[in-house]
Amino acid sequence: MAELAVNVDHVATLRQARGIDYPDPVAAAVAAEIAGADAIVVHLREDRRHIQERDVRLLRQIVQSKLILEMAATSEMLGIALDILPHTVTLVPEKREELTTEGGLDLVTHQDIIREAISTLKNAGIKVCIFIDPDLDQIKIAHKIDADMIEIHTGAFCDAATETEARREFSRIVDAAKIGTKLKLGVNAGHGICYNTIKAFEGLREIREFSIGHSIVARAVLVGMDQAVRDMKQLVKAL
Ligand code: PXP
């Protein structure tokens, strides 16, 4: 059965909107775990727009399942990861001006930096996942540079404007998941997945973990974190 990793970044977005100390993403993580989350994900961005270093440190102490830290492969972030030692680091590209992570890492261009980051993190006992587009060349490089896992970027599928586009993007995800598995990489998926788009993954057993944030936090605003996570967990279980 695939696992559900719940990203609580946008609980912190709400907090930062007022510059006060609530709602707390750490409390949201506890609620998410009680509701069945298999992992908690946070993205510590260079500009600290939502998650703060304090959140990651507290989560490291409090999370009972797995703490997954999304970060860029910068020396600042590597230093923080080596100090906090999350269960997994997912390396993502990062631009200050983007609204959210806009694409996968380009390993063709950045493979040397990423290879070095993978080696540094793995030597400290941290599992390393690489966020990439569903692209054969990227997956082959992820394998070559010794990543433990890939997270396939599902944004182009989830945001597709037409059925045809959605079908085309989904078939790229299917191919990527199968190739990744063949290369013995752990295969995860995430970005833009909501309570409707998750259903498309039925039967795609290669995907071991779904990383989902915005849609869960958005539903939590209306029905509470517990219900929002339980609803998504049930959909993931049914895949
Ligand atoms: N996976 C990665 C690598 C991401 O950067 C994000 C967004 O922070 C997600 C998953 C979750 O995306 P969403 O918030 O759209 O569910």
Side-chain angles (χ1 to χ4, degrees), residues 2-14 16 25 28-29 32 37-52 55-56 59 66-73 77 81 86 88-107 114 117 127-135 138 142 147-160 169 173 176-177 180 185-201 207-221 225 228-229 231-233 235-236:
E3 297 197 330
L4 172 62
V6 175
N7 179 316
V8 295
D9 288 353
H10 295 305
V11 176
T13 300
L14 202 53
Q16 299 309 115
D38 300 294
I40 300 298
V41 190
V42 285
H43 183 176
L44 184 64
R45 298 186 75 106
E46 184 196 9
D47 64 9
R48 307 293 197 270
R49 69 174 69 160
H50 39 50
I51 292 296
Q52 308 297 306
D55 302 328
V56 190
L59 285 166
K66 286 184 294 190
L67 176 62
I68 302 172
L69 175 61
E70 285 180 11
M71 57 175 232
M77 288 301 158
T88 300
V89 161
T90 298
L91 293 172
V92 300
E94 200 175 293
K95 284 191 241 128
R96 248 173 203 270
E97 62 277 14
E98 69 191 358
L99 208 55
T100 178
T101 315
E102 282 170 1
L105 269 170
D106 181 1
L107 297 179
I114 302 301
K127 292 216 174 304
V128 186
C129 179
I130 305 291
F131 183 56
I132 48 177
D133 292 333
D135 177 283
Q138 300 290 344
D148 296 303
M149 291 165 273
I150 54 170
E151 181 180 331
I152 302 171
H153 190 325
T154 52
F157 161 66
C158 294
D159 300 338
E169 290 301 332
I173 294 172
L185 289 159
V187 177
N188 305 334
H191 211 284
I193 299 174
C194 70
Y195 293 81
N196 289 324
T197 48
I198 187 68
K199 295 171 189 159
F201 294 87
I207 297 180
R208 301 312 309 146
E209 181 185 274
F210 291 91
S211 178
I212 308 178
H214 186 267
S215 63
I216 292 177
V217 173
R219 181 173 289 214
V221 170
M225 197 68 185
V229 173
D231 290 349
M232 188 60 86
K233 176 83 180 179
L235 291 169
V236 170

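Each ligand, and each atom within it, is numbered from 1 in the order the structure gives.
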Quick note on ligand 1: atoms under 4.0 Å from a heavy atom of I212 include exactly 16 (O)
Between atom NE2 of H214 and atom CD1 of I193, what is the distance when rounded to the nearest 0.5 Å? 14.0 Å
Hey, are R49 and D9 close enough for a salt bridge, meaning a charged N less than 4.0 Å from a carboxylate O? no
Closer than 3.5 angstrom, by distance alone: can the side chain of H153 be matched with the main-chain N or O of G155 as a donor-acceptor pair? yes
Do Q138 and D106 come within less than 4.5 Å of each other through their side chains, counting heavy atoms only? yes
What is the distance from atom CD1 of I216 to atom NZ of K233, rounded to the nearest 0.5 Å? 10.5 Å
What about G213: any of its N or O atoms under 3.5 Å from an N or O on ligand 1? yes
Are G192 and ligand 1 in contact, using a heavy-atom cut-off of under 4.0 Å? yes
Numbered atoms and elements of ligand 1 in range of F131, under 4.0 angstrom, heavy atoms: 3 (C)
Among E70, H153, H10, whose heavy atom sits nearest atom 9 (C) of ligand 1? E70
Option of least heavy-atom distance to atom 6 (C) of ligand 1 (set: E94, H191, H214): H191
Checking heavy atoms under 4.0 Å, the part of E151 that sits near ligand 1 is side chain
